[in-house]
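Below: the structure, in structure tokens.
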Amino acid sequence: MKLLLLSDTHIPLRAKALPAQVLAEVDAADVVLHAGDWVDEATLDLLEERSRRLIGVWGNNDGPGLRRRLPEVARFELGGLRFAMIHETGAATGRERRCDRDFPDTDVLVFGHSHIPWDTVSPGGLRLLNPGSPTDRRRQPACTYLTAAVADGRLTDVRLVPLPPR
């Protein structure tokens with residue numbers, strides 16, 4: 001099962017649209033995960049139309065319309081792995097231990113907010129993934145997203161993909 005992980009698209013504030021490369025990944029993925037800060041409902045509509053399966057949460061910059069349509073926290077199973085997704089996990093310092101406490105029955109936690117890609121494993125074995133942002137690199141060298149696969153109850157082929165400058 002091929003996964004595409006996105007967050008912090010901030011359309012139309014940081015970009016007018018998702019990059020074509022990201023849309024091609026949406027078309028190829030079995031499941032698209034979006035960890036919040038969509039900003040506009042049109043991006044949610046687009047991803048709902050193009051995705052085989054879309055799982056999303058709202059972020060701190062998402063208004064009432066998105067908050068009505070999306071949960072703050074999503075919990076789901078993919079290929080035998082227990083996932084959770086939330087927009088914000090707090091400061092980087094202490095994140096792994098905090099997430100172990102807050103997401104005890106989870107194998108993989110997807111989050112966003114910082115626009116900083118993140119891939120670590122907590123002391124309790126929780127995999128934490130932040131795909132960065134495909135539209136707003138902030139202090140990062142490039143805009144980014146993540147791809148991964150789930151096979152035989154394992155997360156494999158996790159890959160951070162940098163986008164070319166716009």
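Because the structure is predicted, anything quoted here is derived from the model rather than measured.
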Tell me, do Leu163 and Arg137 make a side-chain contact under 4.5 Å, heavy atoms counted?
no
Would you check if Leu5 and Thr147 make a side-chain contact, meaning some heavy-atom pair closer than 4.5 Å?
no
Checking the side chain of Arg95 only, and the main-chain atoms of Thr89 only, is there a donor and an acceptor separated by less than 3.5 Å?
no
Got a second to check how far Asn61's CG is from Trp38's CH2, nearest 0.5 Å?
14.0 Å
Trp58 ring centre to Arg68 NZ or CZ under 6.0 Å, with the angle to the axis within 45°?
no
Within one Ile-Leu-Val-Met-Phe-Trp-Tyr cluster: Leu70 and Leu18, side-chain cutoff 4.5 Å
yes
With a 4.0 Å cut-off, would you call Asp8 and Arg138 a salt bridge?
no
Between the main-chain N or O of Pro131 and the side-chain N or O of Thr144, is there a donor-acceptor pair closer than 3.5 Å?
yes
Nearest heavy-atom pair of Leu47 and Ser51: which atoms, and what distance?
O-OG, 2.6 Å
Rounded to the nearest 0.5 Å, the CG atom of Asp136 sits from the CG atom of Leu13 at a distance of 9.5 Å
Ion pair Arg53/Asp30, N-O distance below 4.0 Å
no
Contact between His87 and Ser7 at the side-chain level, heavy atoms closer than 4.5 Å - yes or no?
yes
Answer yes if Leu146 and Leu4 sit in the same cluster of Ile, Leu, Val, Met, Phe, Trp and Tyr residues linked by side chain heavy atoms under 4.5 Å apart, and no otherwise.
no
Looking only at heavy atoms, what is the nearest atom pair of Pro162 and Ala142, with distance?
CB-CB, 3.9 Å
So if you build clusters from Ile, Leu, Val, Met, Phe, Trp, Tyr with side-chain heavy-atom gaps below 4.5 Å, do Val32 and Met1 land together?
no
Interatomic distance, Phe103 atom CZ to Phe83 atom CZ [nearest 0.5 angstrom]:
14.0 Å
Would the distance check show the side chain of Arg159 and the main-chain N or O of Ala148 forming a donor-acceptor pair, the cut-off being under 3.5 Å?
no
Is it the case that the side chain of Arg98 and the backbone of Thr93 share a donor-acceptor pair, with hydrogens and angles ignored and the cut-off at 3.5 Å?
yes
Mind checking the CD-CD spacing from Glu88 to Glu72? Nearest 0.5 Å is all I need.
9.5 Å
Aromatic rings His10 and His115: how do their planes relate, parallel, tilted or perpendicular, breaks at 30° and 60°?
tilted
Please check: side-chain N/O of Thr106 versus main-chain N/O of Val108, any donor-acceptor pairing under 3.5 Å?
no
Exactly one of Leu6, Ile55, Leu129, Leu54 should register a side chain to side chain contact (heavy atoms under 4.5 Å, CB included) with Leu33. Which one does?
Ile55
Is the backbone of Gly124 close enough, under 3.5 Å, to the side chain of Asp100 for a donor and an acceptor to pair up by distance?
yes
Evaluate the side-chain proximity of Pro123 to Glu96: yes if any heavy-atom separation is below 4.5 Å, no if none is.
yes
Would you call Asn130 and Val110 a side-chain contact if the rule is heavy atoms closer than 4.5 Å?
no
Val57 and Val73, any side-chain heavy atoms less than 4.5 Å apart
no
Going hydrophobic residue to hydrophobic residue with side-chain gaps under 4.5 angstrom, can you get from Leu81 over to Val158?
yes
Spell out, as yes or no, whether a donor-acceptor pair under 3.5 Å connects the side chain of Asp152 to the backbone of Arg154.
no
Could you give me the CA-CA distance, side-chain angles and deciding distance for Glu25 and Lys2, then say whether salt bridge (charged side-chain N to carboxylate O under 4.0 Å, His left out) is met?
CA-CA 10 Å; Glu25 294 278 12; Lys2 183 176 178 183; 3.2 Å; yes
To the nearest 0.5 Å, atom CZ of Phe76 lies from atom CE of Met85 at 4.5 Å
Does the Ser133 side chain pair with the main chain of Thr135, one donor and one acceptor, at a distance under 3.5 Å?
yes
For Arg67, does the CZ atom have more than 12 heavy-atom neighbours from other residues, nucleotides or ligands under 6.0 Å away?
yes
Closest contact, heavy atoms only, Leu126 versus Leu109
CD1-N, 3.8 Å
State, with a plain yes or no, whether a side-chain heavy atom of Thr43 is found less than 4.5 Å away from one of Asp40.
yes
Going from OG1 on Thr120 to CG on Leu128, what distance comes out if it is rounded to the nearest 0.5 angstrom?
4.5 Å
Connected via hydrophobic side-chain network under 4.5 Å: Val161 and Val26:
yes
Smallest separation among heavy atoms of Asp37 and Gly59, with atom names:
OD1-C, 3.2 Å
State whether the side chain of Asp107 and the backbone N or O of Arg82 hold a donor-acceptor pair below 3.5 Å, judged by distance alone.
yes
Glu48/Arg69 salt bridge by N-O under 4.0 Å criterion
yes
Please indicate whether Asn60 has more than 12 foreign heavy atoms, meaning atoms of other residues, nucleotides or ligands, lying under 6.0 Å from its CG.
yes
